[in-house]
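Data first, discussion second: the structure below is written as structure tokens.
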2 protein chains.
Amino acid sequence: MDQFQHNSAGYLANHMARLFAAGLARRIQPMGLAPAQFMVLLELWHSDGRTQADLTAALDVEQATMANTLKRMERDGLIRRLPSEEDRRARLIHLTDRARALEAEAKAAAGAQNALALAGLDEAERATFTALMRRVIGNMQRG
Amino acid sequence: MDQFQHNSAGYLANHMARLFAAGLARRIQPMGLAPAQFMVLLELWHSDGRTQADLTAALDVEQATMANTLKRMERDGLIRRLPSEEDRRARLIHLTDRARALEAEAKAAAGAQNALALAGLDEAERATFTALMRRVIGNMQRG
DNA sequence: ATTATTTACATAGCACGCTATTTAATTGGA
DNA sequence: TCCAATTAAATAGCGTGCTATGTAAATAAT
């Protein structure tokens, strides 16, 4: 008995993700950023001017989730939307100057949170940890 | 570069937790349950008649989060609240017959989701995985 | 060419996490 | 004893995830 609860992989995954999100939120809040916004910015810092559908696929969230996140980011002056030339249904997402200026500081904040989370794990343990998470993710994506 | 994104522990943790939650939600939805409700039920199946504060501590969520989850569970006929004898501020949370009847089926559903997630991992890998998650959780709790 | 399907995106509504605030009861100190 | 501090719980407001549904544009099929 008590095979679930604080022992199950699912509970631990949820708990760990909440702590990651809370820690990141605390670190990037001074920049006016929220965690999901940061994930979108990572994609756009890497390559700007993409479609909503592209961002949705990159972050593996539902289309409606991305639509709402982008609405908040537009409200907060992090992105602008320009009509696509090729497809009049689509609007390409572009970073604002403000969003571009946040890159280094925000990435440093995320790096600090990851460093805290993984403190005391050597390189082999970190590799094992991420490899195991990837396998578990793969299992659930195929299931 | 690209040290974050699909490679960071934080991203993987979030992704994994979302897949766990979605899988569990799909399995317990036919019983009229949602994931956070299931976590509360696990606590109450283990010992019934506890305070909101006790459940809050057991699941490591904020008091307001638990208050809202319990409100939905009362609405859905999963719990009843009876006044505490010792403390007139507190109301003890009790399972309904309906909630008691769901124990075996809901635990089986959660077990199936965990089995899917951990498929292909042997016992040593599973132990390593949960131990690493616990260490990472500990790091962030102390940080 | 017209119709049907698919695709891109928006919106509504809900679950669940958070912080901040309020109310009522209890406890502790002067 | 009375007042201050703490504690139990509720509520408001928001971010982020989901499903379901609607609308307009593009593509495919007849």
Side-chain angles (χ1 to χ4, degrees), chain A residues 10-11 13-29 32-41 50-57 59-76 78-79 81-93, chain B residues 10-11 13-29 32-41 50-57 59-76 78-79 81-93:
Chain A
Y11 177 80
N14 172 272
H15 197 183
M16 182 171 65
R18 284 192 284 123
L19 289 168
F20 262 115
L24 178 61
R26 184 174 50 79
R27 290 175 198 275
I28 65 182
Q29 184 164 355
L33 296 180
Q37 298 180 350
F38 173 73
M39 296 312 296
V40 173
L41 290 179
R50 298 157 70 181
T51 63
Q52 182 184 118
D54 190 32
L55 294 170
T56 297
L59 295 181
D60 197 19
V61 294
E62 291 302 315
Q63 175 265 324
T65 298
M66 184 56 66
N68 283 324
T69 296
L70 292 174
K71 188 192 294 184
R72 286 188 292 271
M73 293 178 76
E74 190 170 35
R75 177 202 66 191
D76 296 347
L78 294 166
I79 58 165
R81 287 145 135 156
L82 303 179
S84 166
E85 302 286 324
E86 307 111 37
D87 190 333
R88 267 180 303 170
R89 295 168 300 181
R91 297 154 69 197
L92 301 182
I93 315 296
Chain B
Y11 176 80
N14 172 273
H15 197 183
M16 181 170 67
R18 283 191 286 121
L19 289 168
F20 262 116
L24 179 61
R26 184 174 51 79
R27 290 174 197 275
I28 64 181
Q29 184 165 350
L33 296 180
Q37 297 180 352
F38 173 72
M39 296 313 296
V40 172
L41 289 180
R50 298 157 69 180
T51 63
Q52 183 185 118
D54 189 32
L55 294 169
T56 297
L59 295 181
D60 198 19
V61 294
E62 292 302 314
Q63 175 265 323
T65 297
M66 183 56 66
N68 284 324
T69 296
L70 291 175
K71 188 192 294 185
R72 287 188 292 272
M73 293 179 75
E74 189 169 35
R75 176 201 67 190
D76 297 347
L78 293 165
I79 58 163
R81 287 146 135 154
L82 302 179
S84 167
E85 301 288 323
E86 307 110 36
D87 190 334
R88 269 179 303 170
R89 295 168 301 182
R91 298 153 69 197
L92 302 180
I93 315 296

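Below, chain A is the first sequence line, B the second, and so on; all start at residue 1. A quick note: this is a predicted structure, and the numbers were derived from the prediction, not measured.
- Looking at which nucleotide of DNA chain C each of A:A22 and A:T51 is closest to, the 5′-most match is held by A:T51.
- Within the model, atoms OH of A:Y11 and CE of A:M16 stand 12.5 Å from one another, a figure rounded to the nearest 0.5 Å.
- In this structure, A:R75 reaches the D:dG15 phosphate: one of its side-chain N or O atoms is under 4.0 Å from OP1 or OP2.
- Atom CE of B:M16 and atom C1' of D:dG17 are 17 Å apart (whole Å).
- Residue B:N68 has its side chain nearest to D:dT11 when only D:dT11, D:dA26, C:dA10 are considered.
- The residue A:R81 sits close only to the backbone: its heavy atoms come under 4.0 Å of sugar-phosphate atoms, none of a base.
- Taking only side-chain nitrogens and oxygens, B:Q52 never comes nearer than 4.0 Å to OP1 or OP2 of D:dT7.
- Both B:E86 and A:L70 lie close to DNA chain C; mapped to their nearest nucleotides by heavy-atom distance, the more 5′-ward contact belongs to A:L70.
- Within the 4.0 angstrom heavy-atom criterion, base atoms lie near B:R72.
- Nearest to the side chain of B:R89, among C:dG13, C:dA25, D:dA26, sits C:dA25.
- Rounding to the nearest 0.5 Å places CG of A:L33 at 6.0 Å from CG of A:L78.
- Each of C:dC16, D:dG13, D:dG17 was ranked by its minimum atom distance to the side chain of B:A36; first place goes to C:dC16.
- Taking atom CG of B:D54 as the reference point, atom P of D:dA8 lies 10 Å away to the nearest angstrom.
- One can place CG of B:L78 at 14 Å from C1' of C:dA15, the figure rounded to the nearest angstrom.
- Nearest to the side chain of A:K71, among C:dT11, C:dG17, C:dA25, sits C:dT11.
- No more than 12 heavy-atom neighbours from other residues, nucleotides or ligands sit within 6.0 angstrom of CD on A:Q29.
- For the pair A:R91 and C:dA10, the criterion of a side-chain N or O lying under 4.0 Å from OP1 or OP2 is met.
- Rounding to whole angstrom units, CG of residue A:N14 and P of C:dA15 are separated by 17 Å.
- Judged by distance alone, the side chain of B:R18 and the main-chain N or O of A:D60 form a donor-acceptor pair under 3.5 Å.
- Atom pair A:R18:CZ and D:dT16:C1' shows a separation of 14 Å (rounding to whole Å applied).
- In this structure, B:A67 reaches the bases: a heavy-atom distance under 4.0 Å links it to at least one base atom across the strands shown.
- The nearest whole Å value for the distance from the CG atom in A:D76 to the P atom in D:dC14 is 12 Å.
- Taking only distance into account, the side chain of A:Q63 meets the base of C:dA10 through a donor-acceptor pair shorter than 3.5 Å.
- One interatomic measurement links the two molecules: CG of A:L92 to P of C:dA8, which rounds to 12 Å at whole-angstrom precision.
- Picking from D:dC18, D:dA25, C:dG17 the nucleotide with the shortest atom distance to the side chain of A:R88 gives D:dA25.
- Atom CD of A:Q29 is separated from atom P of D:dT16 by 11 Å (rounded to the nearest Å).
- In this structure the side chain of A:T65 reaches within 4.5 angstrom of the side chain of A:E62, judged on heavy atoms.
- Distances were taken from every side-chain heavy atom of B:T65 (C-beta onward) to each of C:dC9, C:dG17, D:dG17; the shortest belongs to C:dG17.
- Positionally, the nearest nucleotide of DNA chain D for B:A64 lies more toward the 5' end than for the other of B:A64 and A:A34.
- Residues B:Q37 and B:R72 form a side-chain contact, since some pair of their non-hydrogen atoms from C-beta on lies under 4.5 Å apart.
- Considering only the side chain of A:A90, C:dC9 comes nearest among D:dG17, D:dA26, C:dC9.
- For B:Q37 and C:dA15, a side-chain-to-base donor-acceptor distance below 3.5 Å is absent, hydrogens and geometry of angles not being considered.
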